[in-house]
Amino acid sequence: MKTSSVGKASETTTTTDGNIPLGSLESPSKTGPDAQILRLPFKGNLLLNWAKKWLNCIACLLFLPLTIIGRLVEAFFAIKQRISRHDSSLEGKVVLITGASSGLGEALAKCLYTEGCKLIIASRRYTELDRVKEQLLGSGLRKGTIYPPVIIELDLQDLNNLADKVRTILGVYGYVDILVNNAGISYRGEVTDTSLEVDAKVMNINYFGTIGLTKAILPSMIIRQSGHIVMIGSLQSKLAIPFRSAYAASKHALQAFSDSLRAEIHRHKIDVTVINPGYIRTSLSLNALTGRGDKYGQTDETTESGADPLQAAYEIVIAIKEKTQELMLCSLFYRLAVFLRAILPNVYFKLMARRAAKSKKSR
């Protein structure tokens, strides 16, 4: 049964339980028996929410000493491991490096070639790989036995042919001791202006291609009960910033995958190292994708003032030797930013909102 009330401008119909159907133009009379009055939340709830936020902040600060103690314990065991390690030589190790045609990958090839590794360098650009190979052979960096680098043309987007490529790679020496997943692509753009195709491309290269290659090589490591997987992630796997959504998301995913993988293959005596670099002077931002899929074509100031690739590569090689599980390769400022994100997230969110607004105005 329905009751009707007629107003001056229009008719509004209410059901017997007081509900107002869609399309009503005015509210029912406040004095009607079937009318429902919308009640705002009690003001005390706002005070309660405010109190909860401050209690959360206080709780974070109370856990701060425990966090510091935990870091000191980790540092103690890291130093102990460094002192007590036995043979950290990489001489003769078979190392596959993806994205070795330029930037950090090229720098890693130089450092690992100097260490006497049997290099397999991979990239989409065969000509650039050949240049890297000739430079290594003519550099005089290696004083002992020389192992000429082997070139493999590899496109991580081509997931269907990854298995064939891995068979070729394993056919070179029969196995891979160390897999360095360095290949990747960056991105610059706003979420609202970025096509889903760009998100998919960044994720395919940085995540699906990387884990696809890892999964294809992993069985050979398990058979040998030996191996080391090195993931070149990013500071943004810990600290996402505005206008990097697709890139940060792919590196977040790679971090999570690596943490799970490390635990699962520990029983097979296979190590997993995640390197999260900050800004390094490479062409990463120059070749980054925009929201429309074009090349960004600019070198960011932060990239231009970043760390030297060879110095970064040297520190990564040390981490490989020491089988470090995770390395934050960035300055103290960015370490503190990661710490702020964990301890006082609301403060961090406000700072990022200001940064986004400032960057938007300068564009």
Problem set entry | Asn181 and Thr210: side chain donor to acceptor below 3.5 Å | no
For this session: State whether the number of non-hydrogen atoms from other residues, nucleotides or ligands found under 6.0 Å of Arg124 atom CZ is greater than 12.
Result: no
Exercise. With a 4.5 Å heavy-atom cut-off, do Ile275 and Asn182 have their side chains touching?
Worked result: no
Problem set entry | Expected output: side-chain Ser359 to main-chain Ala356 donor-acceptor under 3.5 Å | no
Problem set entry | Inter- and intrachain pairs under ring pair (Phe, Tyr, Trp, His ring centres under 6.0 Å), touching residues 312-336, at least two apart | Tyr279-Tyr334
Listed pairs under 3.5 Å, donor-acceptor, residues 109-116 side chains, sequence neighbours left out:
| residue | atom | partner | partner atom | Å |
| --- | --- | --- | --- | --- |
| Thr114 | OG1 | Lys110 | O | 2.8 |
| Glu115 | OE1 | Lys321 | NZ | 3.0 |
| Glu115 | OE2 | Lys321 | NZ | 3.2 |

Exercise. Do the side chains of Ile211 and Leu261 get nearer than 4.5 Å, heavy atoms only?
Worked result: no
For this session: Taking atom CD of Glu304 as the centre, report whether more than 12 heavy atoms of other residues, nucleotides or ligands fall under 6.0 Å from it.
Result: no
Exercise. How far apart are the closest heavy atoms of Ala183 and Thr98, and which atoms are they?
Worked result: N-OG1, 2.9 Å
Problem set entry | Side chain proximity check, Glu106 to Gln135, heavy atoms < 4.5 angstrom | yes
Exercise. Under 3.5 Å, is there a donor-acceptor pair between the Tyr187 and Ser250 side chains?
Worked result: no
Exercise. In this structure, are over 12 heavy atoms from other groups packed under 6.0 Å from His268 atom NE2?
Worked result: yes
Exercise. Are any non-hydrogen side-chain atoms of Val176 and Ser220 less than 4.5 angstrom apart?
Worked result: no
Exercise. Can you find a pair of side-chain heavy atoms, one from Phe349 and one from Arg341, that are under 4.5 Å apart?
Worked result: yes
Problem set entry | Non-hydrogen side-chain atoms of Leu327 and Thr273 separated by less than 4.5 Å | no
For this session: Please round to the nearest 0.5 Å and tell me the distance separating atom CG of Asp130 and atom OG of Ser123.
Result: 12.0 Å
Exercise. What is the distance from atom OG of Ser331 to atom CG of Leu336, rounded to the nearest 0.5 Å?
Worked result: 8.5 Å
Problem set entry | Residues, nucleotides or ligands: over 12 heavy atoms within 6.0 Å of Arg131 CZ | yes
Problem set entry | pair Leu104-Leu284: side-chain heavy atoms closer than 4.5 Å | no
Problem set entry | Check ion pair Arg262-Asp259 (N to O, under 4.0 angstrom) | yes
Return all side-chain donor-acceptor pairs below 3.5 angstrom for residues 164-171, not counting sequence neighbours, or 'none' if the list is empty.
| residue | atom | partner | partner atom | Å |
| --- | --- | --- | --- | --- |
| Asp164 | OD1 | Arg167 | NH2 | 2.1 |
| Lys165 | NZ | Glu153 | O | 2.7 |
| Thr168 | OG1 | Asp164 | O | 3.2 |

Exercise. Do any N or O atoms from the side chain of Arg224 and from the backbone of Tyr175 form a donor-acceptor pair under 3.5 angstrom?
Worked result: no
For this session: Of all the heavy-atom pairs spanning Gly212 and Leu162, show the shortest one and how long it is.
Result: C-CD1, 3.8 Å
For this session: Would you give the length of the straight line joining atom SG of Cys330 to atom CD1 of Ile280, rounded to the nearest 0.5 angstrom?
Result: 10.0 Å
Problem set entry | Asp177/Lys118 salt bridge by N-O under 4.0 Å criterion | no
Exercise. Is it the case that more than 12 heavy atoms not belonging to Glu301 sit under 6.0 Å from its CD atom?
Worked result: no
